[in-house]
K.L.:
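One structure, as structure tokens, below. Some questions next.
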Amino acid sequence: MTMDSDATIDQGSAERLSQVRASIETRLEELLPESGNERDLVALAMRESTLAPGKRMRPILLMLTAEGLGHEGTWGLDLGCAVELIHAASLVLDDMPCMDNASLRRGRPTVHLKFGEDVAILTAVALLSRAFGVIASISDLSPVVKTQLVELAANAVGMQGLVRGQFQDLRDGQQSRSPEEIAMTNNLKTGVLFGAIVDMAWLITSSEETIRPTLQTFAMELGQAFQMYDDLRDRCPDSDKDQGKDAGKSTFISLYGEDKVREQLHVHLSNAELNLRRVFRDADMIASYMKMVFNKAALTA
Ligand code: GRG
């Protein structure tokens, strides 16, 4: 997971990745069927916001981690899609005027701009409910495991995860923050959901307890790196979302500058890879994928 600018992915991994990506797109479409009623704006907004071209990093990570741990069925796909629905809900809310007040997301107008704030709020609630419904209705999984999966998702969304992270960011981000405070908020906003993803993969594969902390460290390092990547994208002209939304906010970039943040991002990525390789004998697939995601112009500028 070094960040060399000529990083490539081998053909076998590229093919597997495009299969994984295609299966996610198909399943998301199935999980959010067209309502057939053009006045059903919430159903429309659920589909449009989720099916818009996102990276699908979370479901891909879930599926690859589960595969790496020996999973061969479709539980990983459904769980990955449930996490993508949670992520989509969080983006719809994050873009609203009372939060980031964004106009562009995934290269398209944000939900509240296109459909109105009322529809945006309802869309986020409906996507979140759909996510939990998807987890609860995965067939052939034991009720005990399903309950644990629901608990993992609930914790990642709520006051130990996204909601707390977002609140801290909104309320504390306008004042000066220590590096530790910024790292903590970034972890809640991004790392905790990655943590839930690897935990879900660990759980459905009945993997050994001993690897769980290493997987968590991988996820937290990845989360720190990814939030830095996201902050750098805020300054990137070819981004698929608004730029400059972090102006006046205390972030690692405002604290250290872009170059230092790129350096730190590399360190977090290396730490993530180190932990990945402790768990998987063959970590190349996930490592190559990470390399692809992070090897973007925003990081090499
Ligand atoms: C009720 C689910 C829920 C959340 C409420 C609004 C909120 C609390 C949390 C938002 C937290 C947030 C915006 C975190 C940032 C995460 C992040 C780095 C988003 C960008 O992810 P990408 O780059 O986006 O993976 P794509 O579009 O590629 O999927």
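Note that ligands are numbered from 1 as they come in the structure, with each ligand's atoms numbered from 1 the same way.
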K.L.:
So, Lys189 side chain and Gln166 main chain: donor-acceptor pair closer than 3.5 Å or not?
P.N.:
no
K.L.:
Treating Thr205 as the side-chain partner and Ala66 as the backbone partner, does any N or O pair qualify as donor plus acceptor under 3.5 Å?
P.N.:
no
K.L.:
Taking atom CD as the centre, does Gln175 end up with more than 12 heavy-atom neighbours from other residues, nucleotides or ligands that are less than 6.0 angstrom away?
P.N.:
yes
K.L.:
Write 'none' if nothing qualifies; otherwise put on separate lines each N/O atom of ligand 1 with a protein N/O atom under 3.5 Å away and their distance to 0.1 Å.
P.N.:
residue	atom	partner	partner atom	Å
ligand 1	21 (O)	Arg58	NH2	3.3
ligand 1	23 (O)	Lys55	NZ	2.5
ligand 1	23 (O)	Arg233	NH2	2.8
ligand 1	25 (O)	Arg58	NH1	2.8
ligand 1	27 (O)	Arg106	NE	2.8
ligand 1	28 (O)	Lys55	N	2.9
ligand 1	28 (O)	Lys55	NZ	2.8
ligand 1	29 (O)	His87	NE2	2.8
ligand 1	29 (O)	Arg106	NH2	2.8

K.L.:
Salt bridge (Lys or Arg N to Asp or Glu O under 4.0 Å) between Arg27 and Glu30: does it pass, once the steps are laid out?
P.N.:
CA-CA 5 Å; Arg27 190 67 184 129; Glu30 285 168 6; 2.6 Å; yes
K.L.:
Testing the 3.5 Å rule here: is there a donor-acceptor pair between the side chains of Ser103 and Asp242?
P.N.:
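Side chains of Ser103 and Asp242: pair found under 3.5 Å.
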K.L.:
Applying salt bridge (charged side-chain N to carboxylate O under 4.0 Å, His left out), name anything that partners Asp94, two or more places apart in sequence or on another chain.
P.N.:
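If we apply the salt bridge (charged side-chain N to carboxylate O under 4.0 Å, His left out) test to Asp94, skipping adjacent residues, the hits are Arg105.
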